[in-house]
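Quick one: the structure is below, and I'll ask about it shortly.
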Protein chains: 2
Amino acid sequence: MEGFPEKGIKMGNMTIKDIAKKCGVGVSTVSRAMNNHPDINPKTKELIMKTIEEFNYVPNNSARNLKRIQSKAIAVLVKGIGNTFFSDIVSGLERECQKKNYSCILQHVEEQEDELDIALHIIKEKKLQGLIFLGGSFSHPKEKMEQLEVPYVLSTIRTAGENCEQYAAVSVDDFKESYKMTEYLLQLGHERIAILTAPKEDESIGKLRLMGYAQALKDKKIPVQEELIGYMDAKKDRYSFQTGYKLTKELLKKTDFTALYATSDTLAIGACRALKEAGISVPDECSVAGFDGMEAGEFYIPSITTIRQPVEKIAKATAELLFDMIKGKEVPRQLVFEGELLERESTAFSSCHESVK
Amino acid sequence: MEGFPEKGIKMGNMTIKDIAKKCGVGVSTVSRAMNNHPDINPKTKELIMKTIEEFNYVPNNSARNLKRIQSKAIAVLVKGIGNTFFSDIVSGLERECQKKNYSCILQHVEEQEDELDIALHIIKEKKLQGLIFLGGSFSHPKEKMEQLEVPYVLSTIRTAGENCEQYAAVSVDDFKESYKMTEYLLQLGHERIAILTAPKEDESIGKLRLMGYAQALKDKKIPVQEELIGYMDAKKDRYSFQTGYKLTKELLKKTDFTALYATSDTLAIGACRALKEAGISVPDECSVAGFDGMEAGEFYIPSITTIRQPVEKIAKATAELLFDMIKGKEVPRQLVFEGELLERESTAFSSCHESVK
DNA sequence: TTGTAGGCGTTATCAC
DNA sequence: GTGATAACGCCTACAA
């Protein structure tokens, strides 16, 4: 009989009306108290807040979103859960949002889902002011992109298509960085350089990185050999350890090479495992290079030579560009950052040269 | 002047009424068409769906959630983004939900956020039927847990507190598995076994794993030495490569040991790096063991000896238990699965013994 | 089979 | 400062 106030109200179903009634005020006053409106008596506000606390009242977000003109919020759509490379960018993005006093909604997108459809839904639902896309190969028809009625920025992705000029994007120059890495391997004396890359149909960073590789070879008058290219399976998990492992095994079966350039650090780590199992030592008998600059590559043994993407800078620039676009201060632009070639333990001079001595 | 139908309607702001008007029908008919209600003329439905398509109408989820009594949905709250161990469980969970035709909302929780507050909000907003908690140390006061008015299951976590009996939980027996690993290291002849573990104040799996370690030592009459215990910093990122690396460096400075038991695979990998830099070879001079059975440990060189948690089984059981609880067929229960000791390359007999020969 | 109207829980706009 | 009240966009009786 004693215990809870009133007669056992189902606390979970409290509404703003109930709180108003308990405090003997109107609903609008409660609303004002919750939303930090200025014109409210501090004492009334205090009473209301205490009551809210006491009854564990939680306002209904759906009703809020429905009524609100626009919330001070953006969303980050991440394609590819478990890609730890994105985690760092997301952290940076969240930090920037906090600074600007925006809330940042993190939304995962499954590999087979369409990020645009999800974007359309969530914009409406949350009354978003902007969007950031992370991951995915992003080759959507122009008309569909135009349905997005809020500013958006692609982060660390870029489409290889023609009309890419109209999208705001922040990333490294995947072609150039890939060229850089290939050139580095060539300078080490490697001529047979295998590559692990995206599925053939990829039109995004995967394609750009492959093109950078090919161009570097061509500029050295070395023919690009199809047998040295390991394409991922479009349906399987893409940039994973397992994929790197399998592709390397297959490559090893049909050809040989003195260096292997994996277009992500995860792929590179998988490759090292496959090489070890084949009794090939890295880097003495085969050099391995990655891409991204993930923490895992730094701790791996041997640590992985890679192109480090400046994630903090990219995150910061992405957020700033988006906020400027929201304010109307900016138009969609493409920002390019310089990657950094990190020479680590997994690469060395080609042993073919040494054997000459 | 030509082009878009009607006079340049802002497509993003279309409502169900607009669609109804365009089709010359009532809103309820449109609603019925969208929600696959049976009692509707197929031809009317077709017309409506075509119009929706044409105008890229997207229904407002907030309004839907507001009206709906309950949606067929659950949420998974994950604390600790970038913990790849959770990714696998999440995948399994999503698969199970699909089977049951439930939708599964993935919600990240920041390290400093309170998962319970988020849970309370999202339950109301999405009218959830159930919840799954992944990660976090979960030591909430009982009264607060009771505010959750839908069934929930803790997955791969368990509180070390007293009244843990009342929560539904699915996991391995962290104490026992930890005991098992320590015993294994002891059997290899190691006596000075360092451990990398959660912050002192941890009341969750971290504590349980430490207790398992201590018990195994005690049972062998080996005293537990505080100097061999590396506690994480509660404020920093916890189960990370970096943490493993730093703790090991510190341990190395003040003491010596022939084996190191890291209570996660990520910690173990960080530890291996630190040992390598100290010129200590793994496993010849120091064995290293992890916990979890993550993919990264399998690909690492040397591959990491670990306790593999049966993630698929845990995911499946978690989902099933939750759905049974939702249906009222089950009460909160604790399900325990057996971990598997995976002997890999990072552990070996103690060299102290070898040197005797 | 279809349309009308009321209400879900908020916030915003008024008067007071 | 405060309290009614009208939206917000959708779903769902109920009536036709």
Side-chain angles (χ1 to χ4, degrees), chain A residues 9-49 52 55-73 120-128, chain B residues 9-49 51-52 55-72 120-128:
Chain A
I9 295 134
K10 267 287 257 180
M11 306 170 120
N13 301 324
M14 287 268 242
T15 77
I16 196 172
K17 277 186 190 165
D18 300 319
I19 297 294
K21 210 169 289 171
K22 298 227 178 294
C23 296
V25 300
V27 286
S28 31
T29 309
V30 178
S31 178
R32 276 191 280 265
M34 290 193 299
N35 297 291
N36 293 317
H37 278 245
D39 50 347
I40 183 171
N41 186 324
K43 283 186 73 173
T44 322
K45 180 168 179 177
E46 196 188 343
L47 167 66
I48 292 172
M49 295 315 277
I52 287 178
F55 288 90
N56 298 121
Y57 161 67
V58 176
N60 184 315
N61 247 327
S62 297
R64 281 187 142 166
N65 290 330
L66 182 59
K67 183 61 196 176
R68 261 202 272 258
I69 306 299
Q70 58 171 210
S71 59
K72 242 189 141 187
L120 256 18
H121 271 93
I122 198 171
I123 288 172
K124 270 212 170 179
E125 178 174 348
K126 307 275 190 185
K127 300 266 164 50
L128 298 179
Chain B
I9 295 134
K10 265 287 255 182
M11 308 170 121
N13 300 326
M14 287 268 241
T15 75
I16 196 171
K17 275 187 191 164
D18 300 319
I19 297 293
K21 211 171 289 169
K22 298 228 178 294
C23 296
V25 300
V27 286
S28 39
T29 310
V30 178
S31 177
R32 277 189 278 264
M34 289 192 298
N35 297 291
N36 293 317
H37 278 246
D39 49 350
I40 183 172
N41 187 324
K43 283 187 72 174
T44 322
K45 180 167 179 178
E46 197 188 343
L47 168 67
I48 293 172
M49 295 315 277
T51 312
I52 288 179
F55 288 90
N56 298 120
Y57 163 68
V58 177
N60 183 318
N61 246 327
S62 296
R64 283 187 145 169
N65 291 331
L66 183 58
K67 185 63 194 178
R68 262 203 274 258
I69 304 300
Q70 59 171 209
S71 58
K72 239 188 143 187
L120 256 19
H121 272 92
I122 198 173
I123 288 172
K124 269 210 172 184
E125 179 174 348
K126 306 277 188 184
K127 301 266 165 52
L128 298 180

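Protein chains get the first letters and strands the later ones, always in sequence-line order, with residue 1 at the start of each. Hydrogens, waters and symmetry mates play no part in the numbers below; they use all other heavy atoms, side chains included. All values reported here derive from a predicted model rather than from experimental measurement.
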Phosphate OP1/OP2 of C:dT11 contacted by A:N35 side-chain N/O (<4.0 Å):
yes
B:T44 side chain, from C-beta outward: closest of D:dC10, C:dT2, C:dT10
C:dT2
Find the distance B:N65:CG to D:dC10:P and express it as a whole number of Å.
12 Å
Closest nucleotide among D:dC10, C:dT2, C:dT11 to the B:T15 side chain:
D:dC10
Any side-chain N or O of A:S31 under 4.0 Å from OP1/OP2 of C:dT11?
yes
Where the side chain of B:V25 is defined as all heavy atoms beyond and including C-beta, which of C:dG3, C:dT10, D:dT5 is the nearest nucleotide?
C:dG3
Exercise: do A:N41 and A:R32 side chains pair donor with acceptor under 3.5 Å
no
Would you tell me if any nitrogen or oxygen in the side chain of A:R64 comes within less than 4.0 Å of OP1 or OP2 on C:dT11?
yes
Which nucleotide sits closest to the side chain of B:I16: C:dT2, D:dC10, D:dA7?
D:dC10
Among D:dT12, C:dT10, D:dG3, which nucleotide sits nearest the side chain of A:T29?
D:dG3
Does any donor atom in the side chain of B:K126 or A:N61 lie under 3.5 Å from an acceptor atom in the other side chain?
no
Give the nucleotide from the list C:dA12, C:dT4, D:dT2 with an atom nearest to the side chain of A:N41.
D:dT2
